[in-house]
Amino acid sequence: MSDTQPIWIRDPQAILADDAERGIVVRQGRIVEKIAAGAVPVTPHAVVFDAAAHVVVPGLINTHHHFYQTLTRALPAAMDRELFPWLQALYPVWARLTPEALDLAVTVAMAELLLSGCTTTTDHHYVFPRGLEDAVDIEVAAAKRLGLRVLLTRGSMNLSQRDGGLPPDSVVQDEDTILADSERVVARHHQRGEDAMVQIALAPCSPFSVTTSLMTKTAALAERLDVRLHTHLAETEDENRFCEQKYGCRPLDYLEQCGWLGARTWLAHGIFFDAAEMRRLAKARTTISHCACSNQILASGCCPVCEMEAAGVGIGLGVDGSASNDESNLMQEVRAAFLLQRARYGVSKVSHKDALRWATKGSAACIGRPELGEIAVGKAADLALFKLDELRFSGAGDPLAALVLCGAHRADRVMVGGKWGVIDGAIPGLDIADLIRRHSAAAKKMQAG
Ligand SMILES: [Zn+2]
């Protein structure tokens, strides 16, 4: 079958789209037709993929992650701690990250994501110990191998303990090095246009690990290069206190002073914004990545998603790093966000469809890719197909609701840009057993020091 051959994904058990009861036709990486009940495709020569056993949803989009953290999951030294002491326990371990270990960590995270129905992911990589200058290049190569669509961020930290920041000196870089490398990775890897498979954004880590000068210069560089900006913000009360003590203002005021409050910025967490701050975010079209699992594990708090949406703030979902989730399963994240937000707002305000919307159309808007995240003509052929043949689904009524309520965790088929990235629950060409063996060994070595 050639890339140009149309595929009719025919007669799905259920599909998250209107007027597509008989499925959709994809061609050259796009959705070209929706087939309503009783109709057949007008696109000629479409080969048929029988989806009678599948529930079809737009490919899920992950808006926040730290792939390297798959090497430090469930680490005893960091467990049962809140954000700041959790970070302080992990920084010295992360300082031992090597190119080989990062390659394995990135492959593990991307494989987990793909198998969970994710078709586009971001990553926030901000640890650059000596010898790991090519971290973003390593990530790009892995994404190309696995066929995942990515928005990788060139993260950074330059405010160490010596200067009143949180991280140790061993994991920070200087401002000139960071800015020069940011420009290099954008020039080398960033693709533009609706079919882009690899994009780069710039992402100083947080107010407590980056200087004001680097925040400000990074915003100017992103403007000049026309790429997006990302950081952690309003994640904990500790961060509020840090900003008030060091900068004399709240995190959002600080963000604005650094030239970040605008449409190219998306923020991880956004738990501690007040009503006026939400209005400012909406007006600026700055969006939020909600990370339900991470926020619960670190007991950071609960992102006020419904108030944000009511104020006009765009919401996407993110699994966050694998040291605070500690999995990279985006379908499970949909369920976690559904449960957390329903517990907060009640049954009339949050449905399973809201949670699926945050992870698809919401996440697409969050990262500035409106051509993704929706099953509609002209949108990217990024799809996740789940089977309901596991014990957990037996007896389920509504197939789409079953994905969220019964806890779907593994896609049977995943399509990215019209190409199958997962077939029969496996990634073609990837030896998972071998990957686990090598990744586990690298993790053990890094943790042992
Ligand atoms: Zn994070």
Side-chain angles (χ1 to χ4, degrees), residues 61-75 78 81-91 93-94 97 102 105-106 109-110 112-113 118 121-128 135-136 139 150-157 159 165-167 171 201-210 215 228-239 242 251 255 260 265-273 286-303 315-330 333 336-337 340 359 363 366-367:
I61 298 169
N62 179 37
T63 58
H64 187 62
H65 206 325
H66 312 287
F67 294 156
Y68 72 90
Q69 291 181 10
T70 58
L71 294 158
T72 52
R73 299 195 231 230
L75 191 72
R81 291 173 178 233
E82 292 183 5
L83 183 70
F84 278 19
W86 172 87
L87 280 167
Q88 284 160 330
L90 283 162
Y91 285 137
V93 185
W94 293 339
L97 189 61
L102 178 66
V106 167
M110 287 186 185
E112 272 189 276
L113 285 163
C118 172
T121 185
T122 62
D123 188 53
H124 187 179
H125 187 88
Y126 56 83
V127 176
F128 290 83
V136 175
E139 297 198 340
V150 289
L151 170 54
L152 302 169
T153 73
R154 202 305 179 183
S156 54
M157 297 198 290
L159 185 70
L166 202 66
V171 290
L202 306 184
C205 190
S206 63
F208 50 82
S209 57
V210 174
M215 284 293 284
R228 293 181 72 77
L229 279 168
H230 182 52
T231 193
H232 296 90
L233 207 80
E235 182 174 1
T236 62
E237 295 281 18
D238 281 350
E239 180 194 314
F242 180 95
L255 198 78
W260 274 61
T265 300
W266 88 105
L267 303 169
H269 306 301
I271 295 170
F272 293 99
F273 291 128
T286 299
T287 55
I288 303 295
S289 170
H290 171 38
C291 306
C293 286
S294 171
N295 296 162
Q296 290 175 90
I297 286 177
L298 295 177
S300 302
C302 175
C303 176
I315 300 285
L317 295 191
V319 299
D320 202 359
S322 298
S324 67
N325 184 315
D326 295 338
E327 61 178 6
S328 309
N329 190 306
L330 191 48
E333 192 68 31
L340 179 64
S363 282
C366 186
I367 59 165

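We count ligands from 1, going down the list as the structure has it; atoms in each ligand are counted the same way.
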Taking only residues two or more places apart in sequence or in another chain, which ones pass side-chain hydrogen bond (donor to acceptor under 3.5 Å, both in side chains) with Trp86?
none
Are Ser289 and Trp266 linked by a side-chain donor-acceptor pair shorter than 3.5 Å?
no
Sub-2.8 Å protein N, O or S atoms surrounding the Zn ion (ligand 1):
His64 NE2, His66 NE2, His232 NE2, Asp320 OD1
Holding to side chain to side chain contact (heavy atoms under 4.5 Å, CB included), I want the full list of residues that pass it with Ser294, two or more places apart in sequence or in another chain.
His269, Cys291, Leu298, Asp320, Ser324
Would you say the side-chain atoms of His290 pair up with the backbone N or O of Ala337, donor to acceptor, closer than 3.5 Å?
no
Side chain to side chain contact (heavy atoms under 4.5 Å, CB included) partners of Glu82, counting only residues at least two apart
none
Short side-chain to backbone donor-acceptor contact, Ser328 and Leu113, under 3.5 Å:
no
